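Notes follow once the structure below has been shown.
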Amino acid sequence: MTNTSSLLLAPEWLLTGPDAGTPRKAHGVLVRRDRIAAVAPLPQLLNDHPEAQRIYLPDCLLMAGMVNAHQHGRGLSQIQLGYHDTFLEAWIASRRGKGILDPYAITHLAALEMLANGVTCAIHANYTYGTGDYENEVREQLRAYDDAGLRVTMCIGYQDQGALVYPPHEACHLHGLPQALRDWLSRPGAKPYAGSVQDTIALMHRLLADYADHPRIRLCYGPGGPQWVSDDAWRQLARDANEHALAIHTHALESPAQVRAARDLYPGGVFQHLDALGALGPRTILAHGVWIEEKDMPLLAERGVSIVRNPGCNLRMHNGIAPLARFLKHGLTVAIGSDNVTLQDDEDLLSELRLADQLAREPDWQGAPPASVEQLLAMLTSNGAHAAQWGGDTGRISPGLAADLVAIDLTRARTPMLDDDMPLLRAMLSRSRGDDVRMTMVDGRIRYLQGRHTDADIDQARAAAVACAEAARTQVDQLRRGKARETVEHLCQHYRSRA
């Protein structure tokens with residue numbers, strides 16, 4: 001929906017930011033082109049701007065758009081794609097038995113699903129489909145986000161170790177496998193991501209040149225995680241990130257197996273090690289962080305590191321529960337992400353936030369206090385915008401900022417009643433869901449309104465994603481499926497022996 005004139009948004013309630021207190025009633029927002037032009041009482045806006053196109057949002061709360069701060073652009077869920085809920089390392093290995101998906105089709109559907117759930121900005125974490133042409137994969141994914149109209153921060157991935165099991169046990173594990181499986185695993189394959197660290201940096205510089213002026217696309221480095229990246233590569237990526245003011249978005253201590261690998265690799269502490277390599281700072285984002293210990297939190301807080309909570313994925317991948325309450329107690333900036341593996345197998349970020357909140361409730365009265373409404377809203381909006389490197393332009397409603405807005409219908413939250421003792425925002429966070437979203441606006445353009453995408457046919461996008469998944473399945477023969485299952489079995493034995 002192209003806005004050829006000013007838009008005047010008239011909700012029942014307006015929340016300008018997570019720390020704004022009680023939402024304002026009878027207030028509106030004037031949007032001109034891609035910016036918020038004014039925030040004022042509705043009668044004043046109606047009087048001062050009679051030329052503006054009016055969009056009434058009865059029963060709705062208008063707030064800053066939600067930010068999905070960690071996901072991989074998978075529009076079909078892992079259940080739909082045939083992946084079982086299992087240990088993270090087994091899930092990764094099972095990809096060897098799957099075909100190659102069309103990066104555009106699968107990402108375009110993911111972007112449209114996020115828009116329908118009130119997400120206006122997303123971080124696309126490192127992911128490769130194994131085509132051997134990673135640059136084309138990234139460009140196709142960026143094209144998909146651009147076509148959908150979703151704001152995105154694209155992570156350029158990197159990995160140079162730990163392809164089968166976490167170091168330092170790779171060679172030992174491979175040697176212990178049956179010869180036929182060892183031969184199958186050792187056959188030449190597509191290079192990981194762009195290839196060498198020099199190739200990765202060169203790719204980043206090409207993309208930076210091509211997307212420098214794009215209003216909704218930013219780039220950052222996405223090294224897979226401490227155990228997947230050598231020290232030399234960390235140094236080079238961190239140096240280039242610092243020189244070009246780029247973020248580093250990485251997985252960190254997601255699973256028990258990663259914790260054991262980190263102890264072997266970094267006896268002085270994984271975060272102390274990354275800090276010495278120059279990889280920790282205010283533009284560092286750690287996804288998951290399930291097993292971050294409290295003794296490490298002061299360092300992370302001092303460096304200004306952000307953490308992204310992924311509660312549904314952490315449960316479904318048997319990884320555990322991240323200590324959200326203790327993150328907040330130490331003043332860490334925490335955002336929320338779906339990882340495309342939510343508890344309900346959808347892209348409902350509101351429900352994931354609610355899950356994170358409930359899992360953080362410590363049974364001990366002396367424990368860290370639960371998250372406040374303001375902290376939860378910040379996770380959903382301003383903290384996510386900060387992690388995505390859009391914090392100076394989005395995450396709040398204020399004149400001059402980008403018009404990334406979402407309207408949430410409060411009917412579910414208030415029906416059949418809502419006691420006066422229950423604050424409206426707490427009720428919304430406790431009861432509202434993604435399908436209560438009535439409008440999603442990105443960069444001043446309405447992309448989703450009253451149950452329909454304004455510039456895309458989501459049924460067509462779903463059909464394209466399904467077609468690419470069916471085509472990918474035909475690429476895989478029974479031998480490959482069998483070898484992939486055998487690989488998973490041996491890998492599980494390896495990690496069980498080290499538990």
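Because only heavy atoms are used, hydrogens play no part in the values below, and waters and symmetry mates are left out as well, while side chains stay in. Model, not experiment: these values are computed from the prediction.
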Examine distances only and state if a side-chain atom of [X] and a backbone atom of [Y] form a donor-acceptor pair shorter than 3.5 Å.
X	Y	result
His70	Asn310	no
Asn68	Ser338	yes
Arg151	Pro215	yes
Trp291	Asn319	yes
Asp404	Asp443	yes
Thr284	Ala279	yes
Arg438	Asp435	yes
His249	Leu286	no
Gln389	Ala387	yes
Glu352	Gly312	yes

Would you say the side chain of [Y] lies within less than 4.5 Å of the side chain of [X], judging by non-hydrogen atoms?
X	Y	result
Val341	Tyr83	no
Ile397	Val39	yes
Asp393	Arg35	yes
Met204	Val138	no
Cys313	His288	yes
Asn383	Ile336	no
Leu355	Leu315	yes
Thr16	His27	no

How many angstroms lie between atom [atom1] of [X] and atom [atom2] of [Y], to the nearest 0.5 angstrom?
X	Y	atom1	atom2	answer
Asn117	Ile408	CG	CD1	10.5 Å
Leu237	Ile201	CG	CD1	5.5 Å
Thr107	Gln141	OG1	CD	4.0 Å
Leu449	Met441	CG	CE	9.5 Å
Leu15	Thr381	CG	OG1	8.0 Å
Asp59	Trp13	CG	CH2	12.0 Å

Query raised in the report: Should we count CD of Gln198 as having more than 12 external heavy atoms under 6.0 Å?
Result: yes
Report task. Check the surroundings of atom CZ in Arg473: do more than 12 heavy atoms from other residues, nucleotides or ligands lie under 6.0 Å from it? Result -> no
Requested in this report: Run the numbers on Val197 and Asp160 for side-chain contact (heavy atoms from CB on, under 4.5 Å), then give the verdict.
Outcome: CA-CA 8 Å; Val197 66; Asp160 61 3; over 6 Å; no
Query raised in the report: What do the steps show when you test Leu359 against Leu324 for side-chain contact (heavy atoms from CB on, under 4.5 Å), and what is the final call?
Result: CA-CA 8 Å; Leu359 291 175; Leu324 172 60; over 6 Å; no
Report task. Establish, yes or no, whether a centroid distance under 6.0 Å links the rings of Tyr134 and Tyr193. Result -> yes
Query raised in the report: Does Arg216 count as lying over the ring of Tyr145, i.e. NZ or CZ under 6.0 Å from the six-ring centre, within 45 degrees of the axis?
Result: no
Query raised in the report: Is Arg95 positioned over the aromatic face of Tyr127, cation under 6.0 angstrom from the ring centre and no more than 45 degrees off axis?
Result: yes
Strictly below 4.0 Å, N to O, side chains only: are [X] and [Y] in salt-bridge contact?
X	Y	result
Arg309	Asp339	no
Glu113	Arg74	no
Glu135	Arg139	yes
Arg354	Asp357	no
Asp455	Arg445	yes

Query raised in the report: Pick from Met317, Glu254, Gln258: which one makes a side chain to side chain contact (heavy atoms under 4.5 Å, CB included) with Glu89?
Result: Gln258
May I ask you to check whether [X] and [Y] show a side-chain donor-acceptor distance below 3.5 Å?
X	Y	result
Asp232	Gln236	yes
Glu347	Asn340	yes
Glu137	Thr131	yes

Report task. Indicate the ring-plane relationship of His214 and Tyr211, choosing parallel, tilted or perpendicular according to the 30° and 60° boundaries. Result -> tilted
Report task. Classify the angle between the aromatic ring planes of His251 and His72 as parallel (below 30°), tilted (30 to 60°) or perpendicular (above 60°). Result -> parallel
Report task. For Arg462 and Asp459, run salt bridge (Lys or Arg N to Asp or Glu O under 4.0 Å): C-alpha distance rounded to whole Å, both residues' side-chain angles, the deciding distance at 0.1 Å, then the answer. Result -> CA-CA 5 Å; Arg462 286 175 179 144; Asp459 291 331; 3.5 Å; yes
Acceptor/donor pairs from residues 219-229 side chains to any protein atom, 3.5 angstrom cut, sequence neighbours excluded:
unit_1 : atom_1 : unit_2 : atom_2 : d
Tyr221 : OH     : Asp240 : OD2    : 2.6
Trp228 : NE1    : Gly162 : O      : 3.4

How close do [X] and [Y] get, heavy atom to heavy atom, and via which atoms?
X	Y	answer
Ala261	Pro167	CB-O, 3.9 Å
Ala472	Ile100	CB-O, 3.4 Å
Thr394	Ala385	OG1-CB, 3.4 Å
Asp147	Arg447	O-NH1, 4.2 Å
Ala322	Phe327	CB-CE1, 4.1 Å
Asn126	Cys155	N-CB, 3.8 Å

Report task. Could you walk me through whether Asp19 and Arg396 pass salt bridge (Lys or Arg N to Asp or Glu O under 4.0 Å), step by step? Result -> CA-CA 10 Å; Asp19 54 358; Arg396 296 178 181 274; 2.8 Å; yes
Requested in this report: Go through the steps for Tyr266 and Asp231 under the test side-chain contact (heavy atoms from CB on, under 4.5 Å), then give the verdict.
Outcome: CA-CA 11 Å; Tyr266 317 112; Asp231 285 359; 4.3 Å; yes
**Report entry** Trace of the side-chain contact (heavy atoms from CB on, under 4.5 Å) decision for Leu9 with Leu14
**Finding:** CA-CA 10 Å; Leu9 304 177; Leu14 174 66; over 6 Å; no
